[in-house]
Amino acid sequence: MTGPYEKLVENIANRVIAGVRDRLGCDLSVEDVIGVMEEPPRKDFGDLAIPAPRLLKKCRAKFQDLVGCIASSVKNSVYVEKVNVTGPYINMFIDMKTYGRVVVENLRGRGKSYGFSNNGGVRVVVEFVSANPVHPLHIGSGRNAALGEFIARVLEFNGSKVERRYYIDDLGLQVAYLAYGYKLLGRPEPPRSMKVDHFMGLIYAATATLTEIVSVKEELESARKANDTVRYMELNSKLSGLLADLERIRSKLPEYIDKLIVKIKERHDPKAEVYDIMRKYENGDPSTVELVKSAVEKVMTGIRHTLRDLGVMIDKWDWESDLIRENLVSEVLNKALKSPYITLEKGVPALDFSQLLKNSKLREKLDLPKYTDIPPLVLVRSDGTTLYTTRDIAYTVKKFREFNAERVINVIAVEQVIPQAQLKLALYLLGYRKEASNLVHYAYELVTLPGTSMSGRKGTYVTIDEVLSELKAVARKLMTERGIEPKDDVLLKIARSALKYLMLSTSPSKPIVFDLAKAMNIKANSAPYLMYTYARASSVLSRCDNKVGWNKVDFSGCTEGLRRDLIWLIGKFPHVMKYVLKYLRPEDLATYLNMVADVFNSWYDRERILDDGREGLRHLKLAITFGVKTVMRNGLTVMGLDVLERI
RNA sequence: GGGCCCGUCGCCUAGCCAGGAUAGGGCGCCGGCCUGCGGAGCCGGUGGUCCGGGGUUCAAGUCCCCGCGGGCCCGCCA
């Protein structure tokens, strides 16, 4: 399934290979030549260029001979119309009449699947979002959701069978805090105006903060008694920070939090009670299980709602506690305890990777961070409960097994590189070697707020729900101004696409500072702009009943101006998709779609499409419009953005 | 202290892996364009010590070294 652009560059590369072989006696591969081809920075230089010095390394010849040979070889390609040699560059102008035919025929033949390939059904699990079930999803999870959904889709559209999984971490300490506060308050229902996960998030934040306040106060007292002034000062400032956090949380839900403050004051050792809940839950104590599950389920109801709004459909919801109940964790743990790599870290069993890490080939095979020290993995706490990464070993095995997956991709923030590396190493030394090398940590940088970072405990986060609702308001205003009836599902699709686009158009390796006011600007370089462009192209085609006279197209019209640029861009789409798939880079797809939209909109303003009296040219214009519509729809869909006929 | 990532017009961002031609976009700001196939649009203008300093090279935003600034990690948290 070769796209037009690939056909073009391969054809040219083959001419070059034949030329240098016959005249200079050099052996070059297609990849060698295609690898150095580039698009010149300015259009008047040509459409494609070969910088000769880059081939000199592989083809020993006099520089001028090589340049001359390449220049005359590429002329043999049917696609090359003109060649200009400028310094070390062999610049080629493509015969767009010939190439345009290839692009249009490809487009016509492939129709809706233009740009997609078929890898034959590779099975892949994508685990994503997996936010702690103690507060609503914030925009950091929004980045995760957007990336995960993109990965799932780009794989699916290229033939993979994908399963989307969400890991509900109900065994962690955070959940115990939530359950504790929820219980102390007598399992309250949220006020009518508040979404349940938002409500529970405040209870969690208040409980965790209050518990921390109690223990800091105790430490403060002992520091005072010991006359440790330095320590006393430190703790005092920590305490005032916590009190400020508490007040901020309290202001959002005063009646409930005030009650919680009173309740916690009555307890002797709240922190111990929290750990007690965690231990009892892991051990399966029935009433604790009931309590924790009901609290987590409440939060999950809200989270599921948000994900539905985002257009993210999860296939499997995995409760972490089930790993314990199904004995998967103990299985892994027993295996680990018998392993020769087991050591004691401060009295608790841990896996030591230092021997394994000396093997640089293994580091490479498992794609581990190169120079980073990876500390031993502590498997259990001294009270016997397990730790997150230990359970994640069991979970990874489960994901591979249940879906019979060849690859498992974890979409997890970059801050977890070390645990993810430990996970791979643990899998490897426990004998899950295939799993270890086919586990991918798709890392992304965090989303922060201007000046602050987001924290669940402090309750300082911007939720996906509020951003969606603000974006809907912006969209509603724009639609109303233009006299379009703003329907709620359309507004939601615009809003969620805008949010996802924001998260996908920046490279995952860069932190995003989320500024709500700026996010509301949905002009050019935004999902609504792309959606608008699609709707515009689609609307033109619908006016002629989507009838493109494929056999009437006059390809001589491909040679000029913006039509030429559009043919070029449309022809490149399958190539762009392959690159995006290989490196899982949503930002490149965003850039490409923007470029198509920009050129189409300029062209649209300059030339009439439907009422061009020259029939062949009119059908070429319709074919181009069809091409724009197709790449827009397919590109938007792969990015997980919505496609609307009217916006 | 050690490790990883990032630093490009006022703001955001592409280009860096595979060095090559005048560093692309977008936002903002200024000025134009709607009785015409969708104005969330189009056209023009404004704006850049590519964080700094060395080095490698015919050629450095890109590679190497030394710094600076920001983020993250180095937990019996996740």
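Chain identifiers are assigned alphabetically (A, B, ...) following the order of the sequence lines, protein sequences preceding nucleic acid strands; residue numbering begins at 1 within each chain.
- As rounded to whole Å, 19 Å separates atom P of rC76(B) from atom CZ of R279(A).
- The side chain of R457(A) contributes no N or O atom lying less than 4.0 Å from OP1 or OP2 of rC77(B).
- Within the structure, a side-chain polar atom (N or O) of K510(A) is placed less than 4.0 Å from OP1 or OP2 of rA14(B).
- More than 12 non-hydrogen atoms from other residues, nucleotides or ligands lie less than 6.0 angstrom from NZ of K472(A).
- Taking atom CZ on R391(A) and atom P on rC76(B), their separation rounds to 14 Å, with Å as the unit.
- At a threshold of 4.0 angstrom between heavy atoms, the contacts of N132(A) are confined to the sugar-phosphate backbone, with no base atom among them.
- In the set rA21(B), rC17(B), rG25(B), the nucleotide with an atom closest to the side chain of N525(A) is rG25(B).
- Residue Y395(A) is classed as having no contact, given no heavy-atom separation below 4.0 Å to the nucleic acid.
- At a cut-off of 3.5 angstrom, counting only N and O atoms as typed in the model, there is no donor on one side facing an acceptor on the other between the side-chain of S602(A) and the base of rC42(B).
- Here S507(A) lies in heavy-atom contact (under 4.0 Å) with sugar-phosphate atoms only.
- Looking at the side chain of E415(A), the nearest of the listed nucleotides rG25(B), rC73(B), rA40(B) is rC73(B).
- Looking at heavy-atom distances under 4.0 Å, S382(A) makes contact with a base.
- A salt bridge is absent between E364(A) and K370(A): the closest approach of a Lys/Arg side-chain nitrogen to an acidic carboxylate oxygen does not fall below 4.0 angstrom.
- For the side-chain contact (heavy atoms from CB on, under 4.5 Å) test, residues two or more places apart in sequence or in another chain that qualify with S505(A) are Y501(A), A590(A).
- The residue V378(A) sits close only to the backbone: its heavy atoms come under 4.0 Å of sugar-phosphate atoms, none of a base.
- Within the 4.0 angstrom heavy-atom criterion, no nucleotide atom of any strand lies near P375(A).
- In this entry the distance linking OH of Y583(A) with P of rC17(B) reads 13 Å, nearest Å.
- In this structure, the CD1 atom of I418(A) is 11 Å from the P atom of rC4(B), given to the nearest Å.
- Residue contacts for P41(A): at a heavy-atom cut-off of 4.0 Å it reaches a base atom on one of the strands shown.
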Listing time: all N or O pairs from protein to nucleotides 37-39 of chain B that are below 3.5 Å?
unit_1	atom_1	unit_2	atom_2	d
rC37(B)	O3'	R543(A)	NE	3.0
rC37(B)	O2	L610(A)	N	3.2
rC37(B)	N3	I609(A)	N	3.0
rC37(B)	N4	Y604(A)	O	3.0
rC37(B)	N4	E607(A)	O	2.5
rG38(B)	OP1	S539(A)	OG	2.8
rG38(B)	OP2	R543(A)	NH2	3.0
rG38(B)	O2'	Y532(A)	OH	2.9
rG38(B)	O2'	R536(A)	NE	2.8
rG38(B)	N7	S539(A)	OG	3.3
rG38(B)	O6	E645(A)	O	2.7
rG38(B)	N1	I647(A)	O	3.4
rG38(B)	N2	R482(A)	NH1	2.6
rG38(B)	N2	R482(A)	NH2	2.5
rG38(B)	N2	I647(A)	O	2.7
rG38(B)	N3	R482(A)	NH2	2.9
rG39(B)	OP2	R536(A)	NH2	2.2

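- The backbone N or O of T386(A) lies less than 3.5 Å from a partner atom in the side chain of R381(A), making a donor-acceptor pair.
- Side chain D588(A) to base rA14(B): no donor-acceptor pair is found below 3.5 Å.
- A straight line from CZ of R363(A) to P of rC4(B) spans 10 Å, rounded to a whole angstrom.
- Among the atoms of the strands shown, base atoms are found under 4.0 Å from some heavy atom of K346(A).
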Below 3.5 Å is the cut-off: list the nitrogen or oxygen pairs between protein and nucleotides 60-62 of chain B, distance only.
none

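- Using a 4.0 Å heavy-atom distance criterion, A443(A) is classed as making no nucleic acid contact.
- Q416(A) comes within contact range of at least one nucleobase, with a heavy-atom separation under 4.0 Å.
- Separating the CG atom of L333(A) from the P atom of rC76(B) is a distance of 16 Å, rounded to the nearest angstrom.
- The CG atom of N594(A) sits 11 Å away from the P atom of rG41(B) (whole-angstrom rounding).
- Protein atom CG of L593(A) is 16 Å distant from nucleotide atom C1' of rU13(B), rounded to whole Å.
- Residue N521(A) places at least one side-chain N or O under 4.0 Å from the OP1 or OP2 atom of rG28(B).
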| field | Pair K572(A)-E39(A), salt bridge (charged side-chain N to carboxylate O under 4.0 Å, His left out): steps then yes or no | value | CA-CA 12 Å; K572(A) 256 177 90 171; E39(A) 285 184 55; 2.4 Å; yes
